[in-house]
Amino acid sequence: MLTKKDIRFILDNLERMYPDAECELTHSNEFELLIAVVLSAQATDALVNKVTPGLFEKYKTPEDFVAVDLEEVQNDIRRIGLYRNKAKNIQKLCRDLIEKYDGEVPNDYQQLVNLAGVGRKTANVVMSVSFGMPAIAVDTHVERVSKRLGFCRWKDSVLEVEKTLMKKIPEDEWSDTHHRMIFFGRYHCKARNPDCPSCPLLEICREGKKRMKKLEMV
DNA sequence: CTCCCGATAT
DNA sequence: ATATCAGGAG
């Protein structure tokens, strides 16, 4: 397990590698961010960003998403994948925004997770990015990086990972570190072919050392 | 746990 | 061909 010194080493190096890491989903208000994050489930940011400009040109408010047929929303987001679930969730989510929150995105974690298609991860992203609250949204990258670096065990659930990170990382560094871990996971500590040989964190990374030994045998 | 799902990199 | 992508609902 990681010592406090190890964790400080990790946080400092992540800051050095990605000083300006931030949300890469293009959006111009909290409603657009919410929709973009819902759409981003099991899809790349790059793909979502190809679809959302045209989408937000057509649908500017919750009322706009509710005014058309379900199939029309499906067609407009089809390329992102999982489009049947996402279209249904988005329409229900928009109905709830209109009925419960006067068409606004609530600045409240519990109210966000109760929306259709919004889970812990999405709610945390909106709270952090749109409302500036300290949060750690555990997505596939944060989970993988946390487990490889040794923040937690491989069998830990997403919720366990989130709790562990919140305990081991100072609250005022949650949001920045969270975005830096995503960049690190997306561009360096990749799922498929992680670049361990050039990794500044190699000396404290159990998984990285294991991979290096395998590389030496070739 | 399974299912949803198209786009992209390997 | 196959793994993976800012997950969530049933």
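Every heavy atom of this structure was used, including side-chain atoms; hydrogens, water molecules and symmetry mates were not. In what follows, every chain begins at residue 1, and chains take the letters A, B, ... in the order their sequences are listed.
Listed by chain and residue number, A/Ser28 satisfy the side-chain hydrogen bond (donor to acceptor under 3.5 Å, both in side chains) test with A/Glu32 (two or more places apart in sequence, or in another chain). Scored by the side-chain hydrogen bond (donor to acceptor under 3.5 Å, both in side chains) test, A/Arg78 finds A/Asn75, A/Tyr83 as partners (sequence neighbours excluded). Partners of A/Val51 according to the side-chain contact (heavy atoms from CB on, under 4.5 Å) rule, which considers only residues two or more places apart in sequence or in another chain, are A/Arg79, A/Ile80. For A/Glu173, the salt bridge (Lys or Arg N to Asp or Glu O under 4.0 Å) test picks out A/Arg8, with sequence neighbours left out. Considering only residues two or more places apart in sequence or on other chains, A/Lys210 meets the salt bridge (Lys or Arg N to Asp or Glu O under 4.0 Å) condition with A/Glu207.
Take the nearest nucleotide of DNA chain C for A/Ala46 and for A/Arg192: the residue whose nucleotide is more 5' is A/Arg192.
For the P atoms, the distance linking B/dC4 with C/dA1 amounts to 23 Å, nearest Å. One P atom belongs to B/dT8, the other to C/dG8, and the distance between them is 23 Å to the nearest Å. C/dC5 and B/dC5: their C1' atoms are spaced 11 Å apart (whole Å).
In this structure, A/Gln74 places its CD atom 13 Å from P of B/dC4, rounding to the nearest Å. Between A/Leu39 atom CG and B/dA7 atom P the separation is 14 Å, expressed in whole Å. In this structure, A/Ile80 places its CD1 atom 14 Å from C1' of B/dT8, rounding to the nearest Å. Per the geometry, CG belonging to A/Asp45 stands 14 Å off P belonging to B/dT8, to the nearest Å.
Using cut-offs of 30° and 60° for the angle between ring planes, the A/Tyr187 and A/Tyr18 rings count as tilted.
Ion pair A/Lys58/A/Asp76 flagged as a salt bridge, since at least one NZ, NE, NH1 or NH2 atom sits closer than 4.0 Å to an Asp/Glu carboxylate oxygen. The pair A/Arg186-A/Glu24 meets the salt-bridge criterion, with a side-chain N (NZ, NE, NH1 or NH2) lying under 4.0 Å from an Asp/Glu carboxylate O.
Of all nucleotides in DNA chain C having an atom under 4.0 Å from a heavy atom of chain A, the first and last in 5' to 3' order are C/dT2 to C/dA9.
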Listing, residues 136-143 of chain A side-chain donor-acceptor contacts under 3.5 Å, not counting sequence neighbours, or none:
residue: A/Asp139; atom: OD1; partner: A/His141; partner atom: N; Å: 2.9
residue: A/Asp139; atom: OD1; partner: A/Val142; partner atom: N; Å: 2.8
residue: A/His141; atom: ND1; partner: A/Arg144; partner atom: NH2; Å: 3.0
residue: A/Glu143; atom: OE2; partner: A/Lys147; partner atom: NZ; Å: 2.9

Report, one line per pair, each donor and acceptor closer than 3.5 Å where one atom sits in a side chain of residues 197-206 of chain A; sequence neighbours left out.
residue: A/Ser198; atom: OG; partner: A/Asp195; partner atom: OD1; Å: 3.4
residue: A/Ser198; atom: OG; partner: A/Asp195; partner atom: OD2; Å: 2.8

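Counting non-hydrogen atoms under 4.0 angstrom, A/Ile77 reaches nothing in the nucleic acid. At the heavy-atom level, A/Val118 lies under 4.0 Å from the strands shown only through sugar-phosphate atoms. Within the nucleic acid shown, A/Val37 has no heavy atom closer than 4.0 Å to any nucleic acid atom.
Residues from residues 84-100 of chain A placing a heavy atom under 4.0 Å of any atom in DNA chain B, listed by number, are A/Arg84, A/Asn85. A heavy-atom distance below 4.0 Å to DNA chain C is reached by none of the residues of residues 149-162 of chain A. Contacts with DNA chain C (heavy atom under 4.0 Å) in residues 167-191 of chain A: A/His178, A/His179, A/Ile182, A/Arg186, A/Ala191, listed by number.
Between the SG atom in A/Cys152 and the CE atom in A/Met1 there is a gap of 7.0 Å [rounded to 0.5 Å].
A/Ile98 belongs to a hydrophobic cluster whose other members, connected by ILVMFWY side-chain contacts under 4.5 Å either directly or through intermediates, are A/Val66.
Other residues, nucleotides and ligands contribute more than 12 heavy atoms inside 6.0 Å of the NZ atom of A/Lys168. The neighbour count for A/Met133 CE, taken as heavy atoms of other residues, nucleotides or ligands under 6.0 Å away, does not exceed 12.
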